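Inspection log for the structure reproduced underneath, given as structure tokens.
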There are 2 protein chains.
Amino acid sequence: MVPPGIRDVAARAEVSVGTVSNVLNRPTKVSPAATERVLAAIEELGFVRNDAARQLRAGHSSAIGLIVLDARNPFFTDVARGAEDQASVSGFSVLMGNTDDNPDREAGYLDLFEQQRVAGVLISPIGDVTARLQRLRDRGIAAVLVDRSGDATTFSSVSVDDVAGGRLAVDHLIDSGRRRIAFVGGPFAIRQVDERYSGAEQSVAGHPDTTLETVRLSGLTVLEGRRAGAQILARPAADRPDAIFAANDLIAMGLLQAFMMAGATGISSATGISVPDDIAIIGYDDIDFASAAVVPLSSIRQPSSTIGQTAVTILLEEADDADLPHRQVVFQPELVVRQSTRSE
Amino acid sequence: MVPPGIRDVAARAEVSVGTVSNVLNRPTKVSPAATERVLAAIEELGFVRNDAARQLRAGHSSAIGLIVLDARNPFFTDVARGAEDQASVSGFSVLMGNTDDNPDREAGYLDLFEQQRVAGVLISPIGDVTARLQRLRDRGIAAVLVDRSGDATTFSSVSVDDVAGGRLAVDHLIDSGRRRIAFVGGPFAIRQVDERYSGAEQSVAGHPDTTLETVRLSGLTVLEGRRAGAQILARPAADRPDAIFAANDLIAMGLLQAFMMAGATGISSATGISVPDDIAIIGYDDIDFASAAVVPLSSIRQPSSTIGQTAVTILLEEADDADLPHRQVVFQPELVVRQSTRSE
DNA sequence: GCTGGGTGGTGAATCGTTCCATTCTGGCAG
DNA sequence: CTGCCAGAATGGAACGATTCACCACCCAGC
């Protein structure tokens, strides 16, 4: 019971293998009568093309590789979604690899994709992969960087302007009448964190009567956010900021929870902090949970799935013509206002 | 600048292509001297095996397909993680397809995987795919059902006992002294919801002094949970349940938020509901956010990544020997107690 | 009746690896 | 010195779809 091949189809339809291939790949070149017989034969035999053979001949597969830092981060799942949608338009599929910030896994996926001769690779790199990507390119495998602006013009890249995002967030806080801003986040070694902070600095610098303090954290998690919240709660009320820009939504949610819990268990109502009355909070990423928080969170939204789509578009163009000039696409983030920063 | 093939390596190492292949696949069959020269040549030329050619020869690829209902659901990302880990042990990679409950997309991925001649398919089916899977099997592609017990013994399956999970949850509530239990969830058309409810019923049936009411929802989301929360808040306190079993963690979080908000904005403190003092809440799935909720949520944990691992193990066994008897593996869920159900 | 052009169809060569039957080599026993 | 053997290496036939140079046929035009 071997799977039928193109030869079996040809025999059954009483045409040559070439004709079957033409029906499949250049339908206009075949007479209607022959086409019909071939299609009937395919149907009857349950014939399915063997991708391996096609790829072998074609020299590369019709898949593109996507290497992300964290498959559980909604930002990346959205990017992946956009990439898939765009790829399927051109008949490509997407293979996703998850590195978990581990350079070994990153190298592993690059090896795998190279063996598979994918048409191109989309990657949010961890370490310095330019040499590796250069080698892929020599092999005819295009590469586009995601969420990291490229080193000069060696590779195209698609990213978001995190500095502008930081500015957007803090401008909004200031516009709603806040003056004592705190940035809560870390580690600053993460480019995104650093740039969001720079944006915040720029915004504050433009308004002489405002101040910016920093609460450094060692991670972008809910728990770290709570720690920071406890720390702020411990201060005398007069000493607290009146607005917080959190480096991402998870931290913002942690802060929110810390403030709420203090209010709920409330030894005295003075220990609680009301959001947004006492302190406004804005996060970053606009994850699904942001709108579902106890107090719906204002946030900075990134056009995640558009990023994926754009990256695929560029990738396929470059896969088609390797000599195309490389492009650096930078998207602008967008302010989403919800209850956590409503003016009093 | 064409990529070097095994022939180029052979020429450079001054051996035959067969020997190069042997170095790659049966290292013990080649003398150390030849091995060394071949490896050196591979290194110098930057040779990388062409998977397409290997697959063509082998008849099938060294990848397995994984078709999930919702890539954003942490349960499935965990399953995928487990599957990847287990697959990589045997040198297989995992291609993940996301159907979003859409039968067309499901069919699309099955087609794709069939063309790719994957070694096997792991699937959480939407509709009735047995006919389709049967055809894949005829082609030598094994299939294992995930999170859905198989139709009799035509296919192996790996799932979790949701009835037991429901029993576990409600037993725990009753053991902690609760008597008026409410099940909040829906739609009941989802097997998991229905079975969790059955478990709850069984548990209550075993304790004569307890009651079970149902609050039906149209989805498993935070927002639906809040709606349910508002509904319960609207009742006179004496009429409220003293414990809630939510069909999943998202609903539980929604309930929690509704109760907290009522307490916080509190026109009068009587409108608020304290968790767990007034009402205990237990969720299902034990997602990351459960432990990070304002009041850490008790929940029922499923061994998600173990499910993925087991499914891959079975799949690879069956891919190896199609005549193996099919197995139905059912895992038992586990109770995780946190603050939301602590006894008063 | 012959030529030229166009259409529809053919079949062999090709992609790069694997695998197997065959050949080669050197060592050793008789 | 010959014969034998095991281990090492070889060469070439697959795998299955694609592609391309080529052919057969038909019709129009002279």
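No experiment lies behind these values; they were computed from the predicted model shown. Chain letters run A, B, ... following the sequence lines, proteins first, then strands; residues in each count from 1.
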Closest to the [X] side chain, choosing from [options]:
X: Leu24(B); options: dT18(D), dT18(C), dG16(D); value: dT18(C)
X: Arg7(A); options: dG16(D), dT18(C), dT10(D); value: dG16(D)
X: Thr19(B); options: dA9(D), dC15(C), dG11(C); value: dA9(D)
X: Asn50(A); options: dA17(D), dT18(D), dG16(C); value: dA17(D)
X: Arg26(B); options: dT18(D), dC19(C), dT17(C); value: dC19(C)

Side-chain-base donor-acceptor pair under 3.5 Å for Arg57(A) and dA17(D):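 By the distance-only test, no, there is no pair.
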Scan [X] against the nucleic acid and name what it touches under 4.0 Å (heavy atoms): base, sugar-phosphate only, or nothing.
X: Arg54(A); answer: sugar-phosphate
X: Asp51(A); answer: nothing
X: Gly5(B); answer: sugar-phosphate

Residues [X] and [Y]: side-chain donor-acceptor under 3.5 angstrom:
X: His60(B); Y: Gln116(B); value: no
X: Ser16(A); Y: Thr19(A); value: yes
X: Asn50(A); Y: Gln115(B); value: no
X: Gln302(A); Y: Asp162(A); value: no

Residue mapping more 5' on DNA chain D - nearest nucleotide basis, Phe47(A) or Gly18(B):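 The residue closer to the strand's 5' end, by nearest nucleotide, is Gly18(B).
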Whichever of Glu14(B) and Leu56(B) has its nearest DNA chain D nucleotide further upstream toward 5': Glu14(B)
Just how far, in rounded Å, is [atom2] of [N] from [atom1] of [X]?
X: Gln55(A); N: dC15(D); atom1: CD; atom2: C1'; result: 14 Å
X: Asp8(A); N: dC15(D); atom1: CG; atom2: C1'; result: 13 Å
X: Asn22(A); N: dT19(D); atom1: CG; atom2: C1'; result: 9 Å
X: His60(B); N: dT17(C); atom1: NE2; atom2: P; result: 18 Å
X: Ile6(A); N: dT14(C); atom1: CD1; atom2: C1'; result: 14 Å
X: Arg37(A); N: dT10(C); atom1: CZ; atom2: C1'; result: 14 Å

Within 6.0 angstrom of Glu14(B) CD, more than 12 heavy atoms from elsewhere: no
Stepwise salt bridge (charged side-chain N to carboxylate O under 4.0 Å, His left out) test for Arg132(B) and Asp111(B): CA-CA 10 Å; Arg132(B) 197 74 175 65; Asp111(B) 283 347; 2.2 Å; yes
side-chain N/O Arg117(B) vs dC15(D) OP1/OP2, d < 4.0 Å: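 It does not, given that no N or O in the side chain of Arg117(B) lies less than 4.0 Å from OP1 or OP2 of dC15(D).
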5′-ward residue of the pair Val17(A)/Thr35(A) relative to DNA chain C: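 Looking at the nearest nucleotide for each, Thr35(A) comes out on the 5' side.
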Residue pair Arg12(B) / Leu45(B), side-chain heavy-atom distance below 4.5 Å: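 Heavy-atom side-chain distance check passes, below 4.5 Å.
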Give every pair of a protein N or O atom and an N or O atom of nucleotides 6-8 of chain C that lie under 3.5 Å apart, one pair per line with the distance.
none

Salt bridge (charged side-chain N to carboxylate O under 4.0 Å, His left out) between Glu114(B) and Arg49(A), intermediate numbers included: CA-CA 9 Å; Glu114(B) 189 172 355; Arg49(A) 297 237 269 289; over 6 Å; no
